[in-house]
Number of protein chains: 2
Amino acid sequence: MLSKDKMMLCERQADILQALGHPIRIAIAHFLKDGEQCVCDIAEFVGSERSNVSKHLSIMINAGLLESRKDGLNVIYRLKCRCIPDFLSCVTDVLKQQVKDNKKLSRVL
Amino acid sequence: MLSKDKMMLCERQADILQALGHPIRIAIAHFLKDGEQCVCDIAEFVGSERSNVSKHLSIMINAGLLESRKDGLNVIYRLKCRCIPDFLSCVTDVLKQQVKDNKKLSRVL
DNA sequence: TTACTATGTGAGTATATAATCACATACTCA
DNA sequence: TGAGTATGTGATTATATACTCACATAGTAA
């Protein structure tokens, strides 16, 4: 049986996964890999309303994935941690593996 | 603006993250790192009802994270992809980084 | 000051998710 | 066969999440 401490760790890990577990938030993370951006440009990139994007951004801030700074009227967001792109490419590896398995399967069918 | 294809990719990545984005499902993944297990033992390990665990397992199966086989009365689950442990350690890296940043901050306060 | 712009927030709604319980299914073994 | 066990599923309920719209805030610039 899992200890209290390990369960707490699982909860914190789940928080991080949930904070990235939405198509718009993934897209935001991909966009910010190439450098910091304002809400305006992020909203344009992901193709959603600004108020909605603003909420997604605050979810990511709360999870410690992003940080922001003000620049005049704009608020500029950036990835807080260099490991997030690594992390995303890990997800991609899982996807690639699934595609590979599917191909193997389709050859048999 | 994000292309349709890229958006689809983000959706598939989000599916995977969501399928792992729950404390119980993370705990299951950790447990299965060390080898396949039946529902019974998984439920005992994560400390939740069997029917609930069964539903979590089917979420992970649908996301392509796990596979299962029958063995008499039991159903044995295992990780489908060796990259899932790597993936989990990536989440841990993000957490570690956050802890490190917090320490730095607390020294300043 | 006033008009304008970028962002954040609250209310309301729709939808998704999680947990529990009761029950169905499938298998084992006497 | 019948009792017992492991698992899965459907109904229900409670809660969380996402989205939209309207509005508030904060800064810019004339």
Side-chain angles (χ1 to χ4, degrees), chain A residues 1-2 7-8 10-29 31-32 35-78, chain B residues 1-2 7-8 10-29 31-32 35-78:
Chain A
M1 169 95 180
L2 211 55
M7 203 55 207
M8 246 183 53
C10 289
E11 278 163 20
R12 290 291 295 115
Q13 293 183 314
D15 289 342
I16 289 177
L17 290 168
Q18 276 173 22
L20 267 172
H22 186 285
I24 289 181
R25 297 199 287 270
I26 301 254
I28 291 172
F31 192 40
L32 296 182
E36 57 180 21
Q37 300 282 350
C38 68
V39 180
C40 205
D41 291 344
I42 295 171
E44 215 268 314
F45 179 75
V46 304
S48 179
E49 287 221 1
R50 285 176 205 188
S51 66
N52 192 28
V53 170
S54 189
K55 279 169 192 170
H56 283 297
L57 287 166
S58 82
I59 289 170
M60 295 175 83
I61 289 269
N62 289 336
L65 299 174
L66 303 183
E67 49 193 2
S68 64
R69 64 182 177 85
K70 293 211 75 169
D71 177 27
L73 264 184
N74 299 306
V75 180
I76 315 285
Y77 287 85
R78 62 173 170 277
Chain B
M1 169 96 181
L2 211 56
M7 203 56 207
M8 245 182 55
C10 290
E11 279 164 20
R12 289 292 293 118
Q13 293 183 314
D15 289 343
I16 289 177
L17 290 168
Q18 277 173 21
L20 267 172
H22 186 287
I24 288 181
R25 296 198 288 267
I26 302 256
I28 290 171
F31 191 40
L32 296 183
E36 57 179 20
Q37 299 283 352
C38 68
V39 180
C40 205
D41 290 346
I42 295 172
E44 215 267 314
F45 179 74
V46 303
S48 178
E49 286 221 3
R50 285 176 205 188
S51 66
N52 193 28
V53 169
S54 188
K55 278 168 193 172
H56 283 296
L57 288 167
S58 82
I59 288 169
M60 297 174 82
I61 289 269
N62 288 336
L65 299 174
L66 304 183
E67 48 193 3
S68 64
R69 64 180 177 87
K70 295 211 73 170
D71 177 27
L73 263 185
N74 299 305
V75 179
I76 315 285
Y77 286 85
R78 62 174 171 278

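Chain identifiers are assigned alphabetically (A, B, ...) following the order of the sequence lines, protein sequences preceding nucleic acid strands; residue numbering begins at 1 within each chain.
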Next item on the list: Calculate the interatomic distance between A:M60 atom CE and C:dG8 atom C1'; express it in whole Å.
Entry: 17 Å

Notebook entry, point to check: From B:C10 SG over to A:L20 CG, what is the distance, rounded to the nearest 0.5 angstrom?
Noted result: 10.5 Å

Next item on the list: Using a cut-off of strictly less than 4.0 Å, decide whether A:Y77 has a side-chain nitrogen or oxygen near OP1 or OP2 of C:dG8.
Entry: yes

Checklist line | Rounded distance in Å - CG (A:N74) to C1' (C:dT5) | finding: 9 Å

Next item on the list: State, to the nearest 10°, the angle formed by the axis through the first five base pairs of the helix from C:dT1-D:dA30 to C:dA30-D:dT1 and the axis through its last five.
Entry: 20°

Check: In chain order, what residues pass the salt bridge (charged side-chain N to carboxylate O under 4.0 Å, His left out) check against A:R50, with sequence neighbours excluded?
Finding: none

Next item on the list: Output all residues satisfying side-chain hydrogen bond (donor to acceptor under 3.5 Å, both in side chains) with A:D41, sequence neighbours left out; order by chain, then residue number.
Entry: none

Note to self: Please report the distance, rounded to the nearest Å, between CG in A:D41 and P in C:dT5.
What the structure shows: 16 Å

Note to self: When you measure from the side-chain N and O atoms of B:R50 to the phosphate of D:dA6, is any distance below 4.0 Å, counting only OP1 and OP2?
What the structure shows: yes

Checklist line | Separation between CD of B:Q37 and CG of B:L57, rounded to the nearest 0.5 Å | finding: 11.5 Å

Could you pull out all donor-acceptor pairs under 3.5 Å where a side-chain atom in residues 63-78 of chain B meets a protein atom, sequence neighbours excluded?
| residue | atom | partner | partner atom | Å |
| --- | --- | --- | --- | --- |
| B:E67 | OE2 | B:R78 | NE | 3.3 |
| B:R69 | NE | B:E36 | OE1 | 3.3 |
| B:R69 | NH2 | B:E36 | OE2 | 2.4 |

Check: With the sugar-phosphate defined as primed atoms, P, OP1 and OP2, and the base as all remaining atoms, what B/S/- string results for nucleotides 18-30 of chain D, 5' to 3', for protein heavy atoms under 4.0 Å?
Finding: SSBB----BBS--

Note to self: I'd like to know if the side chain of B:R25 and the backbone of B:A19 have a donor-acceptor N/O pair within less than 3.5 Å.
What the structure shows: yes

Next item on the list: Could you tell me the separation between the CG atom of B:L57 and the C1' atom of C:dA19, rounded to a whole number of Å?
Entry: 15 Å

Next item on the list: Mind checking salt bridge (charged side-chain N to carboxylate O under 4.0 Å, His left out) for A:D15 and listing every partner two or more places apart, or none if nothing turns up?
Entry: A:R12

Next item on the list: Specify the separation, in whole Å, of atom CD1 of A:I42 and atom C1' of C:dG8.
Entry: 14 Å

Item checked: Length of the CG-P vector between B:D15 and C:dA16, whole Å -> 13 Å

Item checked: Test item: B:I42 and B:F31 side chains (from C-beta on) under 4.5 Å apart, heavy atoms -> yes

Next item on the list: Nearest whole angstrom, please: distance from the P of C:dT7 to the CD of A:Q37.
Entry: 11 Å

Notebook entry, point to check: Between B:Q18 (side chain) and A:G21 (backbone), is there a donor-acceptor pair under 3.5 Å?
Noted result: yes

Note to self: What is the separation between atom CG on B:L20 and atom P on C:dA18, rounded to the nearest whole Å?
What the structure shows: 12 Å

